[in-house]
Amino acid sequence: MGNQKLYKGSLQTIILKLLESDAKMYGYEITQKVKELTKGVLHITEGALYPALHKLEADGLLDVEVAKVGNRLRKYYKLTENGTTETANRLEEMQEFLKTMQQLVNHKFGLE
Amino acid sequence: MELTKEQIQYIDHRLENEGIKYWDIRIEMLDHVVSVVEKKLKPENSEYEFKEMILASFIDLGWKENFNGGGFDTVLALKLKLHNKKLNRNYRQYCKETFLRSNFIIGVIALAVLVYCFQEHKLALKTLFFIIIGSYIACMFRFALKYKVMNSARLIPLVVFTTGPLSVFNVIIFAPKVFFDYEVGISVLSFTMIIVSSFSAIGISYLNQEFKKAHKIYNQLIY
């Protein structure tokens, strides 16, 4: 079981990345996809997912589409033009962050 | 196991009873709960187990126990806050676009010319004023008739954009009279009327645009 707190700050980037790969996704699908990709290590709670989705929508990075599925309606999220640009920026930032963390974690401290 | 219409309606009513009064907010929560329950539910499960699954899913979505039993108060407050942020941004954008539209510019100029021409004729000015107010009331009445569609987190805040300018007009008329015993002149009133009418028109037009979109979705809601 991974440390969920470490992933918390990256939730929006994770959502943007998933939506970049798939054209449109709905909330439950996102939670399941993350579970599948991380082989159950990362579990996105609904209490965290929906506020993050709505925040991205309010910031104009996501657009919403409603479609009828069976006996109910489903809200699909997709990236806006700004969202696509922002995803690239955030992924770049994430790579930089991971690189820095790796340097820190792998650094051998000596008595020099 | 796929849920029946009745089971979906039951979940929808429970969400409504737990405080999610806006149908457009319920859509997503309902879909989530139904997806979770459909994955877990088996034909041999009892009704009690079905209800337990719903409650577990509600808790995951942020349902919390309170003095009244429980509800989604915090979740709803956050959703509304984010909704309003998006609405305000879109409204500002809509205003900018409208100000540049030729028919809007022509309309405002025509109104200004009429008001200027009628300045010396109080009766004509009053008639013009009543026509504007009458049109405004007729528009708002039309929305009020569709109260079920209007019970939406996306539409309710927009009513402020339509009623706001009129409230400003009232303040301009009555505040000087109440506080300073001073009556505002006809030229100031006429100028305010043009501004207020323009902003009310933008507000109603924006509400109408969003209402059409919401109505289209609402029509699909009927199970």
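Here is how names work: the chains are called A, B, and so on, in the same order as the sequence lines, proteins then strands, and each is numbered from 1. Source: prediction; values computed, not measured.
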Under 4.5 Å heavy-atom distance to chain A, tell me which part of [X] shows up: side chain, backbone, both or neither.
| X | result |
| --- | --- |
| B:V36 | both |
| B:K39 | side chain |
| B:L3 | backbone |

Could you tell me if the side chain of B:M29 sits less than 4.5 Å from the side chain of A:Y50, heavy atoms only?
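No. Closest side-chain heavy atoms not under 4.5 Å.
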
Could you tell me if the side chain of B:H83 sits less than 4.5 Å from the side chain of A:E57, heavy atoms only?
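Side chain of A:E57 against side chain of B:H83, heavy atoms only: no contact under 4.5 Å found.
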
Would you give the length of the straight line joining atom [atom1] of [X] to atom [atom2] of [Y], rounded to the nearest 0.5 angstrom?
| X | Y | atom1 | atom2 | answer |
| --- | --- | --- | --- | --- |
| A:L73 | B:Y218 | CG | OH | 11.5 Å |
| B:E28 | A:H54 | CD | NE2 | 4.0 Å |
| B:S57 | A:E46 | OG | CD | 6.5 Å |
| A:L49 | B:D60 | CG | CG | 11.5 Å |
| B:Q220 | A:K68 | CD | NZ | 7.0 Å |

Using a cut-off of 6.0 Å, state whether more than 12 heavy atoms not belonging to [X] lie near its atom [atom1].
| X | atom1 | answer |
| --- | --- | --- |
| B:F199 | CZ | no |
| B:M1 | CE | yes |
| B:K40 | NZ | yes |
| B:F50 | CZ | yes |

Does anything in residues 58-104 of chain A form a ring pair (Phe, Tyr, Trp, His ring centres under 6.0 Å)? List the pairs, not counting sequence neighbours.
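Every pair satisfying ring pair (Phe, Tyr, Trp, His ring centres under 6.0 Å) with a residue in residues 58-104 of chain A: A:Y26-A:Y76.
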
Looking at B:H32, B:K79, B:K85, which makes the most heavy-atom pairs under 4.5 Å with chain A?
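The candidate making the most pairs under 4.5 Å is B:H32.
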
Indicate the atoms forming the closest heavy-atom contact of [X] with [Y], along with that distance.
| X | Y | value |
| --- | --- | --- |
| A:G60 | B:R89 | N-NH1, 3.2 Å |
| A:N71 | B:I8 | CB-CD1, 3.5 Å |
| A:P51 | B:L78 | CB-CD2, 3.5 Å |

Cationic N near anionic O, under 4.0 Å, B:E38 to A:R72
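The answer is yes: the pair qualifies as a salt bridge.
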
Salt-bridge contact B:K86-A:D59 (side-chain N to carboxylate O under 4.0 Å):
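Judged by the 4.0 Å cut-off on N to carboxylate O distance, B:K86 and A:D59 do not form a salt bridge.
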
Which bit of A:Q32 is near chain B, if near means a heavy-atom gap under 4.5 Å: side chain, backbone, both or neither?
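The answer is the side chain of A:Q32.
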
